[in-house]
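First the structure, in the form of structure tokens, and then the observations on it.
We name chains A, B, ... by the order of the sequence lines, and we start the count at 1 in each one.
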Protein chains: 2
Amino acid sequence: MPHRDTSIETIQQEMTAFARRARASAARMHPELSLVSYTLLAHLDDQHGCRATDLAAHYLLDKSTVSRQIAALEKLGFVERRVDPDDQRVQVLHPTKKGAEVLANVTASRRQAFHERLADWDGGDLDRFAMYLQRYNAAQDRLD
Amino acid sequence: MPHRDTSIETIQQEMTAFARRARASAARMHPELSLVSYTLLAHLDDQHGCRATDLAAHYLLDKSTVSRQIAALEKLGFVERRVDPDDQRVQVLHPTKKGAEVLANVTASRRQAFHERLADWDGGDLDRFAMYLQRYNAAQDRLD
DNA sequence: AATCGATGGTTGTATTTAGCAACTCGTGTG
DNA sequence: CACACGAGTTGCTAAATACAACCATCGATT
């Protein structure tokens, strides 16, 4: 088996192992915000608001799923809806002040965890690893 | 913000993005074997059999979850139980012939998908990416 | 202007995955 | 022997998700 295949095998195994744990471990770390809620809220934050449909498209989730997740986030007081005056159908979603704060906390603590995990990596390796992941995910975007 | 932090931020984002999708995309590709079942079956296969408790410990799953997953796999005829003659409490789990075949098929098709995604990567990059992932997951093992 | 198809969103229903708690049954140790 | 422990199962619950049916609004066409 060529070396190339061995590498691909490893990548497959490790990505799978990672995926299996990520959700559970995220839930353990941040009971207040599941991986999905976190992701949605983060997207709203850095897009400065967007529509539910956009979230669904971007994350390949059913619109009903997004609708319920957003409803939950709204109930928690983390997002608010602003009806678009130009089109009464659309609700532009924004994180509330409270939502932005919680998001910032979770982000900080996730960042902390990542920093610990990556503490002994040198800068060049971090840089390359980051690049590879971006490249990998971008490829998946195109194929999925 | 030092470059190091930017890399870590990217790694965090990309790993999260990946995790979010992996399950759904695995389910779409292989409706016959969820990501968890696949993982459990694969573990049985390469350990040449093990106990339910070992699976639970290894994958940080509740023993009830493993029990039900195994029951499902057994119902499908993919695993069989062999009671340990030295300790009647333990059941050593093994993939059946059929289970091993299905596993091989799914593995092959997953490998195919990975090959497509990584088709335009050069050997050095694949190698480094694989190493980084192993290193990252090993670190997570220690901390989790 | 009335209508109709497309778009944004919600709700009903079902499935899957998971955890926790309570249980059974066998094992081994005081 | 009694009792604690370990392996596994089962009852119950909750969360996340998909699919389908639905409602409201918009925009284009007649």
Side-chain angles (χ1 to χ4, degrees), chain A residues 16 19-41 44 49-76 79-94 144, chain B residues 16 19-41 44 49-76 79-94 144:
Chain A
T16 306
R20 208 187 334 94
R21 297 195 205 152
R23 225 172 261 249
S25 122
R28 265 195 306 278
M29 276 198 293
H30 308 290
E32 77 279 20
L33 213 54
S34 78
L35 189 58
V36 174
S37 319
Y38 170 76
T39 307
L40 297 183
L41 194 51
L44 291 187
C50 76
R51 304 174 309 162
T53 300
D54 300 333
L55 293 174
H58 194 259
Y59 295 117
L60 304 176
L61 292 169
D62 192 80
K63 58 186 181 160
S64 66
T65 302
V66 174
S67 171
R68 285 184 236 266
Q69 291 282 347
I70 293 298
L73 287 173
E74 191 188 20
K75 200 165 187 178
L76 291 169
V79 303
E80 63 182 19
R81 308 164 188 257
R82 301 183 195 155
V83 174
D84 182 343
D86 294 352
D87 183 341
Q88 301 281 119
R89 286 171 308 179
V90 330
Q91 308 172 357
V92 182
L93 306 169
H94 293 270
D144 235 20
Chain B
T16 305
R20 210 184 335 93
R21 296 193 204 159
R23 225 173 261 248
S25 121
R28 266 195 304 276
M29 275 198 295
H30 308 290
E32 77 278 22
L33 214 53
S34 77
L35 190 58
V36 174
S37 319
Y38 171 77
T39 307
L40 297 182
L41 194 52
L44 292 185
C50 76
R51 303 175 310 163
T53 300
D54 300 334
L55 293 174
H58 195 260
Y59 295 117
L60 303 177
L61 291 169
D62 192 81
K63 58 188 180 160
S64 67
T65 301
V66 173
S67 172
R68 285 183 237 266
Q69 291 282 345
I70 295 298
L73 287 173
E74 190 188 21
K75 199 164 187 180
L76 291 168
V79 305
E80 64 184 19
R81 309 164 189 256
R82 299 180 197 158
V83 173
D84 182 344
D86 294 351
D87 183 341
Q88 302 282 118
R89 286 172 307 179
V90 331
Q91 307 171 0
V92 182
L93 307 168
H94 293 271
D144 233 20

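Considering only residues two or more places apart in sequence or on other chains, D87(B) meets the side chain to side chain donor-acceptor pair (under 3.5 Å) condition with R89(B). Scored by the side-chain contact (heavy atoms from CB on, under 4.5 Å) test, R81(A) finds I70(A), A71(A), E74(A), Q91(A), L93(A) as partners (sequence neighbours excluded). By the ring-ring contact (aromatic ring centres under 6.0 Å, His included) test, Y38(A) pairs with no residue at all, sequence neighbours left out. S37(A) pairs by the side-chain contact (heavy atoms from CB on, under 4.5 Å) definition with L33(A), S34(A), Q69(A), L73(A), not counting sequence neighbours.
Counting heavy atoms from C-beta on, the side chains of L40(A) and V79(A) never come closer than 4.5 Å.
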Per-nucleotide protein contact along nucleotides 7-22 of chain D, 5' to 3', at a 4.0 Å heavy-atom cut-off (B base, S sugar-phosphate only, - neither), is SBBBBB---SBBBB--
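Bracketed by its first and final contacts, the part of DNA chain C lying under 4.0 Å from non-hydrogen atoms of chain B reaches from dT17(C) to dT27(C) in 5' to 3' order.
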Please table the atom pairs, donor to acceptor, closer than 3.5 Å between any side-chain atom in residues 49-56 of chain A and protein atoms at least two apart or in another chain.
| from | atom 1 | to | atom 2 | distance (Å) |
| --- | --- | --- | --- | --- |
| R51(A) | NE | D54(A) | OD1 | 3.4 |
| R51(A) | NE | D54(A) | OD2 | 3.3 |
| R51(A) | NH2 | D54(A) | OD1 | 2.9 |
| D54(A) | OD2 | R51(A) | N | 3.3 |

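The salt bridge (Lys or Arg N to Asp or Glu O under 4.0 Å) pairs that include a residue from residues 58-71 of chain B number zero, where partners must be two or more places apart or lie in different chains.
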